[in-house]
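Below you'll find the structure, written out as structure tokens, and then a few comments.
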Amino acid sequence: MDQNPVIVIGGGIAGLATALRLAPLPVVLITASPLGTNAATALAQGGIAAALGEDDTPHLHAEDALTAAAGLGAPSITRRIAEAGPAAIAWLLEQGIGFDRMGDGKAIALGLEAAHSRRRIVHAGGDRTGRRVIDGLIGAARNTPSITLLEGKVLDLAMTANGHVGGVIYLPAGGRQATDAIVLPGRSVVLATGGVGGLYAHTTNPVTAIGTGLALAARAGAVLRDLEFVQFHPTAIAIGQDPMPLATEALRGEGAILVNASGERFMETVPGAELAPRDIVANAVFRQIVAGEQAFLDTRPTLGQTVHNRFPGFSALCASAGLDPEKQPIPIRPAAHYHMGGVKVDASGQTTVPGLWACGEVASTGLHGANRLASNSLLEAAVQSAWIAEDIKSSTAPDTRRLESTHRTPSLGEANASLRRQMDRDVGVVRDAAGLQRAIRNFWFAQDENAPDATLVALLIAVSAERRHESRGAHQRADHPRTSNTPRHIEITLTEALDSARELAESRAEAMEAFA
Ligand SMILES: Cc1cc2nc3c(=O)[nH]c(=O)nc-3n(C[C@H](O)[C@H](O)[C@H](O)COP(=O)(O)OP(=O)(O)OC[C@H]3O[C@@H](n4cnc5c(N)ncnc54)[C@H](O)[C@@H]3O)c2cc1C
């Protein structure tokens with residue numbers, strides 16, 4: 001049994017860093033798409049937050065994260081992650097990732113982003129940080145003999161008779177139907193499957209990011225936490241692409257402003273202006289759009305022609321749509337960007353299901369609370385991967401002689417256009433009970449035992465959002481605009497979510513009958 005490898009699902013920073021840190025323990029790392037593609041990590045632009053500056057401390061970094069988290073950040077985990085930040089950057093350097101340096105070529109250059117009180121954003125290749133990080137980690141993984149890289153989609157977790165995760169059921173690349181899937185026993189399984197943005201019609205995430213890790217964990221009985229907190233990035237570039245390219249926050253850090261079609265700087269009177277927390281900026285942009293205005297990011301006043309050198313990725317994206325940020329404001333809108341909620345994990349990254357760990361965006365560690373501080377997610381994965389590896393190394397392998405799937409026919413489905421539209425409309429930047437209940441009923445009728453992961457995850461998010469009767473952080477309710485004085489988490493299992501949805505669907509059906 002002990003000879004079974006650790007199975008890591010996902011080839012973004014979370015999966016690759018965990019696999020590397022587990023060496024020399026044998027690891028099989030499975031990715032649904034060729035390595036380096038369809039991972040949010042590759043798209044990251046701004047960078048990685050770490051308290052490296054002379055005027056900075058992990059304490060200040062943690063305070064900024066806790067402020068952004070709007071009452072739901074876990075202070076002890078937040079401080080631990082902030083303290084581990086500088087060591088995580090050193091580890092990434094050891095993996096061969098070259099971060100940008102100051103003019104003297106020695107000190108690492110530090111950028112500023114919204115809601116950070118100090119310059120602490122480590123970046124690479126200007127705004128190509130994610131690409132450099134993932135390429136560096138892939139290179140390191142390919143050079144690590146204990147890591148076997150497989151391409152295929154994990155459809156399900158394989159469970160032992162006593163409810164321990166003992167492997168995965170995965171469909172190798174090229175397999176067409178669920179019956180082509182094979183069982184792979186594992187001594188431990190790590191979910192590193194990323195976020196949920198692909199459930200929304202407007203997103204910056206790969207469209208394949210539909211939360212399959214949440215579905216896998218939910219079907220195995222895991223507790224999921226605060227799923228309603230989806231961060232909408234205020235400045236996705238509105239040039240008709242899916243996913244939407246991003247205008248990094250660092251542009252606003254360097255003075256870019258937000259204007260509407262009439263040229264009005266609509267963030268001017270808001271505390272923090274363009275550098276207010278993301279939820280506040282996203283709401284302001286959303287309100288412009290609902291009011292029939294178009295919103296734009298204007299880099300001309302402060303960056304002028306330097307925008308091309310300092311933000312080459314942004315400049316190239318604009319050029320691909322025939323736009324020039326040196327000469328014109330760039331159209332933007334909010335888009336689903338990051339999932340603060342996720343599979344509940346403890347300080348070692350263990351979920352509530354034995355044998356299952358979760359790392360990166362799919363996990364809810366307590367760092368982000370109701371709202372993520374920019375550039376803290378790459379940091380979280382880089383740090384948490386070390387804790388997970390340490391914990392797995394000291395864990396006991398399960399007996400995997402008899403393994404069972406958590407459901408009969410795992411689905412291959414992805415989010416369809418109508419689900420994505422409904423998520424945007426009813427579970428989007430601003431929600432209310434009527435919309436959320438409409439979404440829950442629709443997702444309920446669309447799901448069954450073999451529901452596509454997308455439907456199941458959409459349902460779980462909508463039920464969680466319906467249960468939170470307040471506005472907090474990234475969760476804004478038009479019908480509950482106030483923030484409760486007593487912050488609380490919303491924890492949910494699949495059974496509870498399905499029960500809630502059934503009750504709602506049945507009560508509606510009864511009301512319709514009575515009316516008829
Ligand atoms: C445009 C953009 C810009 C960003 N900028 C920043 C930034 O500057 N700083 C920052 O800290 N964060 C940033 N973020 C957020 C950050 O990039 C992500 O939170 C982080 O990269 C997530 O890493 P991950 O490893 O958890 O997931 P991902 O990198 O998304 O990787 C998920 C992996 O799981 C695989 N997978 C999923 N399901 C399955 C399955 N069933 N079977 C097999 N494989 C599966 C995918 O193929 C993929 O390889 C940004 C995000 C976006 C979208």
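First listed ligand is number 1; within each ligand, the first listed atom is number 1.
Glu113 and Arg118 are not joined by a salt bridge, as no carboxylate oxygen comes within less than 4.0 angstrom of a charged side-chain nitrogen. For the pair Glu249 and Arg252, the salt-bridge criterion is met [side-chain N within less than 4.0 Å of a carboxylate O]. With respect to the salt-bridge test (charged N to carboxylate O, under 4.0 angstrom), the residues Arg21 and Glu94 do not qualify. Between Arg472 and Asp226, no side-chain nitrogen of the basic residue sits less than 4.0 Å from a carboxylate oxygen of the acidic one, so the salt-bridge criterion is not met.
In this view, Phe229 satisfies the ring-ring contact (aromatic ring centres under 6.0 Å, His included) rule with no residue, not counting sequence neighbours.
Sorted by chain and number, the heavy-atom contacts of ligand 1 below 4.0 Å come from Ile9, Gly10, Gly11, Gly12, Ile13, Ala14, Ile30, Thr31, Ala32, Ser33, Asn38, Ala39, Ala40, Thr41, Leu43, Ala44, Gln45, Gly46, Gly47, Gly152, Lys153, Val154, Ala192, Thr193, Gly194, Thr204, Asn205, Thr212, Leu246, His337, Tyr338, Gly360, Glu361, Arg372, Ser375, Asn376, Ser377, Leu378.
For the residue pair Ser117/Asp64, the side-chain donor-acceptor check at 3.5 Å is satisfied.
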